[in-house]
Each structure stands twice: as structure tokens, then as C-alpha cells.
Q: 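Let me give you the structure first, and then I'll get to my questions.
Lettering of chains follows the sequences in order, A, B, ..., and the numbering in each one begins at 1.
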There are 2 protein chains.
Amino acid sequence: MSVTLADVAARAGVSAATVSRVLNGNYPVAGPTRRRVMQAVDELEYVVNGPASALAAATSDLVGVLVNDIADPFFGIIASAVQSELGPADPTGGRGGRAQQKLAVVCNTGGSPTRELTYLTLLQRQRAAAVVLTGGAVEDPHHSAALISRIGRLEAAGARVVLCGRPPLRAPEAGRQAETGTEAERDTEGEEGEGAAARGPLAVTFDNRGGARQLTAHLLTLGHRRLGYLAGPAARTTTRHRLEGHRAALAEAGLDGDAERLTVYGRYDRSSGYDGAMELLRREPGLTAIVAANDTVALGACAALRERGVRIPQDVSVTGFDDLPFAADAAPALTTVRLPLAEAGIQAARLALGRDAAPPGGVATCPASLISRASTAPPPPA
Amino acid sequence: MSVTLADVAARAGVSAATVSRVLNGNYPVAGPTRRRVMQAVDELEYVVNGPASALAAATSDLVGVLVNDIADPFFGIIASAVQSELGPADPTGGRGGRAQQKLAVVCNTGGSPTRELTYLTLLQRQRAAAVVLTGGAVEDPHHSAALISRIGRLEAAGARVVLCGRPPLRAPEAGRQAETGTEAERDTEGEEGEGAAARGPLAVTFDNRGGARQLTAHLLTLGHRRLGYLAGPAARTTTRHRLEGHRAALAEAGLDGDAERLTVYGRYDRSSGYDGAMELLRREPGLTAIVAANDTVALGACAALRERGVRIPQDVSVTGFDDLPFAADAAPALTTVRLPLAEAGIQAARLALGRDAAPPGGVATCPASLISRASTAPPPPA
DNA sequence: CTGTTAGCGCATTCAT
DNA sequence: ATGAATGCGCTAACAG
């Protein structure tokens, strides 16, 4: 078949073990020997057999990254950051050895809870060294339980699991009841101690609530009193947190009575923003501001408003969330909330690799900051 | 450690071989037996050990997808399509068996040739079942040779390699000169026959040249005579093809004399578009149209023009390329060339899995179509 | 510092 | 249709 460790060993005149040690660099090997081995590796164009080494070492160099939608820059930016922290640095030659290289496996769940579970299983099957779960979680008790159990099994198998951009997972009622202890479960739990923290995975979260509050407060300060809200899918943590921040700001101004009526739920995409804005205009023609769940939705809303002949921001102000690159390029440039996506991805990767110490409480929260641009202004005098 | 095949076999009262056969479903097993096995699998929450099975079977279910930049929707859309074709369909439960699942490994090369090679090695190490290389290639003889050799080795190792969005690879001079035949190389080549086509990998390409030609022709038809071109990085196939199409249209109109002076090279990002547009305006204040290498660059150019008080399209028309989702949302909406990104990704995935027959000549070309929107108009009368 | 010896967990021959 | 045996290529104790 292809070149194996033994072939290299033969050519270098050493044992297979020595070659392995040279390649992994985690054991002292004499200089001349090491050079002979490296030369043989080069001459034979030897490439380690990953599966074999993963089998023997009981761990692989794969790191899973679960995202809701790769085509969405929000996730692309996070995934890119995670990978840059794991992956091969540019100068690396990339020959046989260099076992330090982690390979990121970016998995697209499409927001489907089932697929999320399936990928987790696939990753466990590959004996992934770590898994980073990005994006908001679906808030369904059934799914949460399944997710927690799957993650528990991954951790029990030695994988580090880190949440990025989603709130920490808490078992409903902290698993006080042990009545479901089947034989298999007991086995698993018995060995859980060796893996990561038994308290559940580490998390890097965004201050969605705080960001949303600031944003709406900004609008209120400008003088807006009738604000519509274009929410994401119901039953998603991200959706809920942003909405809560918005409502909190409204409540502070005594404006929350009308909030439910002026909220439209949809997906995190452009057409949802378009449709939602139309619906909002129908429900409340006197609207002076539209707060969108994210930048993409905001862009859809802008399109709808333009089509209706409504001027932004003179007639209606519009805000986004996330501050994706295109937000600055929209016309008018979007007022939004900046989330440190890349920084969060890097931090999640470092935690996943065990390079950084766990943050206090197992949760690191990234700040959200208001970016005020041209899409917001005081409401029309009317 | 964790549950193994043997554990399942014991519980089901059969041999490990039988369990393996049930799980892989590629061998006849009696109904009742199969049911007992499946039940044991469920009860034990058994998850196949990927590395072990890859080692034994000499192939894994990983499929590599190389992209230049995951954060760029252009690649995100392609990657998403590839993965949707490989990955778990929604209905799948995702328990132990189901060996049909392929796991996409999305690798971010950042456009670096070295990293591209490194990832290819990493994937070979994992014994990837297939590899899809997306995006334009760097046109450097040295790198091309390295790439061809790496791809050859991958194919020799049994992996299918498919190019998506990049032109077919041709060895310079078809390797007629055998003077570099080291022992190792001869070995590799001796076994090449068993792998995929010895003629090099299959390719799904975009008609970048044709699309660019149409686009510039459109501008010329509107009456433009002084067009600036914002090119991507030099020495990239995509850059070159689009530029060639542009120049071809110009030449048809007898306007190619000035072409080189009115071309600015840069990266495929917004700031390059911004800077490039400024530079173009400096070189030729009488410009009436700016043709950008892609939509992102076009957006940057629009920002620069707006800042300069130049109206689009009244004073200067601007065009993009790719028709990414945000192109329609820009203000004004971008005239651009639509590339069937998702379709190409799907086709590449099907070829990679061997589900579709190879296209004639090993190359499938996807059409590019002109999308005329609001960012182009006849030049000002002046 | 280096060689020897055992498996890691599974897919396959072969037998039966 | 099923079981028993063998080895995939590598790493991890142990020796020395």
C-alpha cells in the first residue's frame, strides 16, 4: 500500500518506536538519529497514518466546530478564528511529523437540533480531541437533555467541549435524580472524573442582553417612542436574550406595554427582515424605529422600507446586531452592536486546546458595544 | 474505556464479526440477529470507533473541503452546499451504525499556498475519502508542481480529488521529463493506476471569463468608454480569467489600449475596493465605470465613491461579481454576474463521492449570468 | 537514548 | 448465516 513507519525505520536503520518518537517529538532522541530519521521520512515522502495513530493513542487531532450556517459570515468569522488558532501556521513546512497540527472539522447543523446531535456522535466516533459548539441553542427541554447527555459522553471520552456564543448549559435540576441509572450510564459516569470538569463544558458567551439594552436605550435617547422589533426564531437563546435586553430598555422608559404587539418573529435571514418589516408597518404605521435581531435581518428590513418609500433614518431608524463587515457598507451604514466574534473564537479554541486556564465560573463573557452609524436619527417631528 | 464492538457482541450474544456486519450493512445477516444487535447497540449507546475502523478498512469517512476564507460567503456558500450533500440528512437518527455519513472537514487556507499543501498532507494523513479544493489557484510554477504532486499522492492513496471553482490542473509539460525520478517517486507512480483517473482530478469550474466579458459588454453597450478595473490578487487564476474576459470585451470595442493603466490589483476584500477606487479616480478622473473583481470589492469601491461625492450610477457605474446575497441589498443594488455557487458545490460533492459520472473531459463548466441592477446606467452626458 | 513487546478496535478472510 | 483468527499502522509501557 503506502509507506509505513516500519519502512521509514528500515531505511533509517532504527526501530519503529524511534521513528515514532522523532515524529511526535515528545521524547528525547539523539541528534544524529533524529536527522537520519527525518531524512528517511523526506526521501520516502512518509505521511503518518492518522487513524492508526489515533487508535493507538486513543485520541485524534481532530477538533469539531459546530455552526448553524457556514454561509453566514457570523459563523464564518468565528469558525475562521477558531481554525486560525488550531491550524497550521503559515511558516510550517507540513511534512510527515508535526503532530501539533489540529485539524478543524467545521460541521454545518443548519440550526437543526437533530443534526447537531448527529454531528456530535460523528465527532465522538472520530474520537475528536475537542468540540466547539457555536451559536445559540434551541430552547427545548427534550433537546437540551439529549444535548447534555451527548456532551457528557463526549467529555467522558476525553474530549474537551467548549460553547462559543451560547450560554452555559445547565442540566435541568442539576441531575439530582439518579433514577435513570441504567447499566451503561453508570459505567460512563464512573469514569467521568478523568475527563474535563464534571460541571459541564466551558463557555464563551456574548453579552447579547446588555448589547440589546444599550441599542434600544440609544434609540430611546434619540426620542423614539414607537419601536418595532424583528426577532429571530422563537425558542433560541440568542433570540430570547436580545429580546430581553430590548424589553428591559423599553421597560425602563415605561414603554413595554406595547412590546408584544410590536414584535415579529422570523428567521435570521434577509427575507425574514423584509417580510417582518412589512408586517410591522402594517401593525403600526406610526412606527419610527425598527430594531432587528441581527444585521442581515436589518438589511432585509431596509429593503422593505425603501420599497415603501420610507426614508432611513429620516422617517424610520433601523438597527442591526453583530456588526458584520457589510453593516458598515450598507446604505445608510447600519447602527448596530459589535460583538467580538473573532476574539471569542480564538478564546474558545484556546480553551478547547487547554492552552488557557478556565475562566472563573467556567464562563467568559464578551462585551458588546454600541456602534452608532447613519441608520439611526431622531424621529421625525410629526 | 468506552463501549466497544466486543461489548455489544457479548450483550447480543453474537460474535464481534456479526456486529460489524450489521453495522456496516454490507453483508447478509438474519433478521432476528440483526434486531438483537441493534438493541444491544442502543442499550449500550455504542458509538463506532472511527479511527479503528478506518485503520482496518484503510479508508475513513472524512471528506476534506479546502477554502480560501470561510468568513467569505463566497466560500461559505460552496462549503455549505458540499456539506449538505455529504452530511447527515435531517431525519437521520444518528445512532451507532449508519456508516453512510461522511464528515466534511472544512479547512481554511487563507489563500496561502503553503497552508494549502499542509492541509492536503493532513487530509492524507487522515486517509480522507475525498478532497474538494475550492477557489482560485495561485499561479506559481513551483507551487503548482508541489500541488500536483501532493494531489497525485492523495489519489494514489485512494482519495478522490475534485476541484471546484478552479480550473483543471495540468502538469506543466505533462511530466515528460523523468530526470527527477527518485526511488520514492517511482514507487508512487507505479501504483497510480489503481486510484482515480491518472489524468488528474475532476473539476467543476465557473465561466469567469465569459461572465466578465458579458459584464463589460453590458457597460459598453450603455455607452461607457472609460472603465477602470479593480482586480484581485495577481497570479491567481480567478483574477486572471475575469480580467481576460474584461479585456476581451474591451478589445472588441477597440478600447484595450488604456486597459493596463486603468487596472489596479488588490485583495478580494472591501478595503482593497475602497483603496483601489480612490487610486483609479486619481489616475483617471474622467472615469465613468468601475468594474470590480467581486461584489465585496465593489462595495468598497462604492463606499469610496460615496465619500468622494460621486453618485452611483449617475456619475459612475459600478459592477461586482459572484452575486452574493448582499449584492442585492447594497444601495444601489449591484449589477453583477451570478455564479451558481451552491449548484457547483453540490456537483463537486457528488463527483467526490463517486455518485455522479465524470463529466466529459473531466471538467464541468458552470455558466455565469449577468444580473443587471441599479448600480449601472449610461454615463453622464458630459 | 534506543529496541522489544503488546495491544488499541475493527474489518476481514477463512472455516463452519 | 455466523464464528474464529489475523492484521491494519501506530504508540506506550517496559527493558536494556
Q: Would you mind classifying the nucleic acid contact of B/Leu55 as base, sugar-phosphate or nothing, using non-hydrogen atoms under 4.0 angstrom?
A: base

Q: Consider the side chain of A/Tyr46, meaning its heavy atoms from C-beta on, and name the nucleotide among C/dC10, C/dT2, D/dG9 that approaches it most closely.
A: D/dG9

Q: If we count only N and O atoms by modelled type, under 3.5 Å, do the side chains of A/Ser112 and A/Thr109 hold a donor and an acceptor together?
A: no

Q: With sequence neighbours excluded, tell me which residues meet side chain to side chain donor-acceptor pair (under 3.5 Å) with B/Asp7.
A: none

Q: A/Asn49 side chain: which of D/dT2, D/dG9, C/dA11 is closest?
A: D/dG9

Q: May I ask you to check whether B/Ser149 and B/Arg153 show a side-chain donor-acceptor distance below 3.5 Å?
A: yes

Q: So does B/Ser20 get a side-chain nitrogen or oxygen closer than 4.0 Å to the phosphate oxygens (OP1/OP2) of C/dT12?
A: no

Q: Distance check needed: C/dT2 P versus A/Arg35 CZ, whole Å only.
A: 11 Å

Q: Choose from C/dG9, D/dG9, C/dA11 the nucleotide whose nearest atom is closest to any side-chain atom of B/Thr4.
A: C/dG9

Q: Please tell me which of the listed nucleotides, C/dC10, C/dT12, D/dA1, lies nearest to the side chain of B/Ala30?
A: D/dA1

Q: If you only use heavy atoms from C-beta on, which nucleotide in C/dC10, D/dC10, D/dT2 is closest to the side chain of A/Ala52?
A: D/dC10

Q: Under 4.0 Å from OP1 or OP2 of D/dG3: is there any side-chain N or O of B/Thr18 that close?
A: yes

Q: Output the rounded distance in Å from CG (B/Asn26) to C1' (C/dT12).
A: 10 Å

Q: OP1 or OP2 of D/dT11 sitting under 4.0 Å from any side-chain N/O of A/Asn24?
A: yes

Q: What's the CG-P distance between A/Leu23 and D/dT11, to the nearest Å?
A: 7 Å

Q: For B/Ser15 and D/dA4, is the shortest distance between a side-chain N/O and OP1 or OP2 below 4.0 Å?
A: no

Q: What's the closest nucleotide to the B/Arg21 side chain, out of C/dT13, D/dT11, C/dT2?
A: C/dT13

Q: Separation of B/Arg127 atom CZ from D/dG9 atom C1', in whole Å?
A: 9 Å

Q: Between B/Tyr27 and B/Ala54, who's closer to the 5' end of DNA chain C by nearest nucleotide?
A: B/Ala54

Q: Quick one: A/Arg125 CZ to C/dC10 P, roughly how many Å, whole number?
A: 11 Å

Q: Could you give the CG-to-C1' distance, from A/Leu5 to D/dA12, as a whole number of Å?
A: 13 Å

Q: Can you identify which nucleotide, out of D/dA4, C/dT2, C/dG9, has its nearest atom closest to the B/Ala17 side chain?
A: D/dA4

Q: Might you point out which heavy atoms bring A/Arg166 and A/Ala137 nearest each other, and give the distance in Å?
A: NH1-CB, 3.4 Å

Q: Between the side chains of A/Asp61 and B/Gln126, does any donor sit under 3.5 Å from an acceptor?
A: yes

Q: Which of the following nucleotides, D/dG7, C/dT12, D/dT11, is nearest to the side chain of B/Ala57?
A: C/dT12

Q: Any idea which of D/dT11, D/dA1, C/dT2 is nearest the B/Pro28 side chain?
A: D/dA1

Q: Applying side chain to side chain contact (heavy atoms under 4.5 Å, CB included) to A/Val132 and A/Leu66, what does each step give before you reach the verdict?
A: CA-CA 6 Å; A/Val132 177; A/Leu66 265 63; over 6 Å; no

Q: Nearest whole Å is fine: how far is C/dG9 P from B/Asp7 CG?
A: 9 Å

Q: Name the nucleic acid region contacted by B/Val14, choosing base, sugar-phosphate or nothing; use a 4.0 angstrom heavy-atom cut-off, strictly under.
A: sugar-phosphate

